[in-house]
Amino acid sequence: MSDDFNAPRGTLDWLPARQAARHAMIERFRELCIGAGYAEAATPVFEEKALFSRTAGESSEVVGKEMYLFEDQGERMLALRPEFTASLMRLYLGNGLSREAQPVRLWCAGSCYRYAAVQRGRYREFTQVDAEAIGSDDPAVDADLIALQLRWYRALGLEGVELRINTIGDQGDREPYLALLRDYLDAHLDAVDDEIRRQRDVNPLRAFDTKHPPSQAVMANAPKIADHVSEAATEHFAAVRAFLDARGVEYTVDPTLVRGLDYYCRTTWEFAWPELGGQSGIGGGGRYDGLAESIGGPATPGVGFASGVERVLLALEEQERLPATPRPVDAFFAIFTPAARPELHALLDVARDAGVVCEADLAGRGVKGQMKQADRIGAARTVVCGDDEWTRRVCLVRDMTSGQQVEVPLAGLVEHLVNAKG
RNA sequence: GUGGGCGUAGCUCAGCUGGUGGUAGCUCCUGGUUGUGGUCCAGGCGGUCGUGGGUUCGAGUCCCAUCGCUCACCCCA
């Protein structure tokens with residue numbers, strides 16, 4: 001086979017089995033969100049570029065080089081959304097949701113886009129589930145979201161997820177700390193690798209993520225942000241942890257955990273499934289109390305998380321825990337007399353209206369082929385209609401498990417199937 | 001963006017130091033005496049060996065390029 005077209009690099013075709021699993025995962029997320037008081041919202045797939053560059057920060061990789069950008073016929077500079085948070089904040093601010101009971105809790109699911117090197121678990125079009133609580137700085141909200149995220153992984157049967165949390169303080173804490181960190185890096189420049197030197201000005205926090213062993217040794221003694229944040233932020237973090245402890249959520253405090261997007265402050269967290277290798281981060285979140293102001297809104301606290309559906313799906317596949325999606329078929333109509341097909345196909349609709357899951361041969365198969373098809377799709381019963389039955393206006397209903405057949409008048413077939421269904 | 005590995009039927013793969021693509025397995029289709037599935041048997045459909053160049057009498061096999069997949073760096077969900 002030599003097709004002229006492939007799916008664009010970094011995109012996925014979703015065949016029925018995996019699509020059903022993905023759908024089931026999102027459905028599970030929906031149920032948990034509803035149960036926790038989060039309502040579904042949806043935003044456009046593309047937004048003004050500035051919405052993302054102003055919030056995530058020009059220095060972030062995501063905004064700096066991974067956004068899909070395009071100009072429309074009206075010369076507007078647009079971007080395919082790389083994430084949901086900024087869009088949901090825009091939705092909140094632009095639709096007067098600050099007048100509703102706070103915090104406004106929203107969730108959504110859909111595709112996001114980032115132009116990054118493709119790898120297992122990292123695609124250019126990928127699916128995220130997302131939950132946000134906007135309008136309250138109560139530490140209980142942070143814990144509520146973390147618990148919600150964890151409950152999703154548990155509900156899907158994913159085992160072995162690890163949670164790391166940290167606080168990165170308030171906006172006012174950031175600059176003095178970064179100055180401190182830069183001083184420390186400058187004092188050890190000869191011992192760290194080039195990447196860190198390159199990031200020194202733009203994003204020195206990333207130095208903590210280094211995989212270069214000598215650099216790791218240096219960073220182990222570097223000043224940690226959690227030790228240099230305001231008293232208010234420290235207290236807030238302690239409160240978040242108290243809520244998590246009370247809820248029985250296990251975590252490790254990781255003072256080197258930083259997030260890639262500039263708008264985060266205070267609580268940050270990340271869930272990982274280590275066996276996934278390079279893309280082990282399956283979902284992360286954090287607080288973003290300064291985000292609203294960066295897009296011209298009033299000071300509005302917020303906190304939320306996103307999780308990569310493909311990554312969680314990969315983890316579930318490795319654990320052989322894909323959500324099962326059985327499709328119980330009540331009846332297959334095996335029609336051996338061509339003349340009977342139109343009327344029996346019409347009966348399919350009647351039966352379907354009555355709640356019977358049923359189908360018939362659509363490929364001109366012979367007797368054996370039709371029976372085989374009935375078996376293959378797992379039909380509980382097969383309705384057989386050949387010359388003899390058709391002449392007598394009846395059909396045979398065969399129980400595919402026991403092999404027993406009963407004769408049923410065509411006029412009473414649907415009723416019979418409904419009753420047989422139980 | 002930078003490196004490593006791989007690319008043979010719908011799927012999983014054989015194919016030895018270049019010499020005519022596999023009775024391979026699974027799937028799919030059709031049969032195995034008159035209208036009945038799951039097992040078994042037989043037959044059939046299906047590949048320009050990712051693509052384009054090159055070396056050679058001859059390339060699936062060697063070389064180059066390109067595209068795709070994959071792993072790592074990087075980034076993040």
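Labels below follow one simple rule: chain letters A, B, ... track the order of the sequence lines, proteins then strands, and each chain is numbered from 1.
Comparing B/G37, B/G35, B/A77 by their nearest atom to the side chain of A/Q128 picks out B/A77. Picking from B/C73, B/U36, B/U70 the nucleotide with the shortest atom distance to the side chain of A/V367 gives B/U36.
Phosphate contact (OP1/OP2 of B/A77, side-chain N/O of A/Q279, threshold under 4.0 Å): absent. At B/C76, none of the side-chain N or O atoms of A/R122 fall inside 4.0 Å of OP1 or OP2 (strictly under the cut-off). For A/R376 and B/C29, the shortest distance from a side-chain N or O to OP1 or OP2 is below 4.0 Å.
Contact annotation for A/Y123: base contact, defined as any heavy-atom pair under 4.0 Å involving a base atom. Among the atoms of the strands shown, base atoms are found under 4.0 Å from some heavy atom of A/R311. Within 4.0 Å of A/E389, counting heavy atoms only, lies at least one base atom of the nucleic acid. A/A306 comes within 4.0 angstrom of sugar-phosphate atoms only, judged by non-hydrogen atoms across all strands, and of no base. When heavy atoms are screened at a 4.0 angstrom cut-off, A/R365 is found touching the sugar-phosphate backbone but no base atom. Across all strands shown, A/Q119 has heavy atoms under 4.0 Å from base atoms, whether or not it also approaches the sugar-phosphate. Counting non-hydrogen atoms under 4.0 angstrom, A/V384 reaches a base of the nucleic acid. No contact: A/E270 has no heavy atom under 4.0 Å from any strand. At the heavy-atom level, A/E83 lies nowhere under 4.0 Å from the strands shown. Nucleic acid contact for A/D388: base, since at least one base atom lies under 4.0 Å from a heavy atom of the residue.
As a whole-Å value, the separation of A/M67 CE from B/C76 P is 14 Å. Between the CD atom of A/E318 and the P atom of B/C71 there is a distance of 10 Å, rounded to whole Å. Distance CZ (A/R124) to P (B/C76): 16 Å, rounded to an integer number of Å. A/M400 has its CE atom 12 Å from the P atom of B/U39, to the nearest Å. Rounded to whole Å, the distance from CD1 on A/I26 to P on B/A77 is 17 Å. Remark: C1' of B/C75 and OH of A/Y68 are 14 Å apart, rounded to the nearest angstrom. A/L314 has its CG atom 10 Å from the P atom of B/U70, to the nearest Å. One atom, CG of A/L15, and another, C1' of B/G10, lie 11 Å apart when rounded to the nearest Å.
Separation of the C1' atoms belonging to B/G21 and B/G58 is 15 Å when rounded to the nearest angstrom. Using atom P as the reference point in both B/U39 and B/U30, the two lie 16 Å apart (nearest Å). Atom P of B/U56 sits at a distance of 23 Å from the matching atom of B/U51, rounded to the whole Å. A distance of about 36 Å separates the C1' atoms of B/C29 and B/G52, rounded to the whole Å. Between B/G7 and B/U66, the two C1' atoms lie 13 Å apart (nearest whole Å). For the P atom pair drawn from B/G5 and B/C62, the interatomic distance equals 13 Å after rounding to whole Å. Here, B/G60 and B/C76 have their C1' atoms 40 Å apart, quoted to the whole Å. Distance check on atom P: B/A24 versus B/U61 gives 23 Å, rounded to whole Å.
Heavy-atom minimum distance, A/R22 versus A/V309: CG-CG1, 3.8 Å. Across every non-hydrogen atom of A/T256 and A/N166, the tightest pair is N-ND2, 4.4 Å. Shown here for A/A374 and A/T382, the closest heavy-atom pair between the two residues is CB-OG1, 3.4 Å.
Electrostatic pairing of A/R54 and A/E48 does not count as a salt bridge here, judged by no charged N lying under 4.0 Å from a carboxylate O.
Heavy-atom distances to RNA chain B give each of A/G284 and A/G369 a nearest nucleotide, and the one nearer the 5′ end belongs to A/G369. Sequence order on RNA chain B of the closest nucleotides to A/S402 and A/E310 puts A/S402 first from the 5' end.
Note on ring orientation: taking the six-membered ring where Trp is involved, the planes of A/Y177 and A/H228 are tilted (angle from 30° to 60°).
Base pairing analysis places B/G21 opposite nothing; no Watson-Crick or G-U wobble pair with both distances below 3.5 Å involves it. Using the Watson-Crick or G-U wobble rule with both distances under 3.5 Å, B/U56 pairs with nothing in any strand shown. Pair assignment for B/U66 gives B/G50, based on Watson-Crick or G-U wobble hydrogen-bonding distances that are each under 3.5 Å. The base-pairing partner of B/U2, taking Watson-Crick or G-U wobble contacts with both distances under 3.5 Å, is B/A72.
A/R392 forms no cation-pi arrangement with A/W390, by the criterion of a distance under 6.0 Å to the ring centre and an angle within 45° of the ring axis.
A/F305 and A/F271 have their aromatic ring centers separated by at least 6.0 angstrom.
Screening A/R9, A/M67, A/R124 for a side chain to side chain contact (heavy atoms under 4.5 Å, CB included) with A/Y115, the sole residue that qualifies is A/R124.
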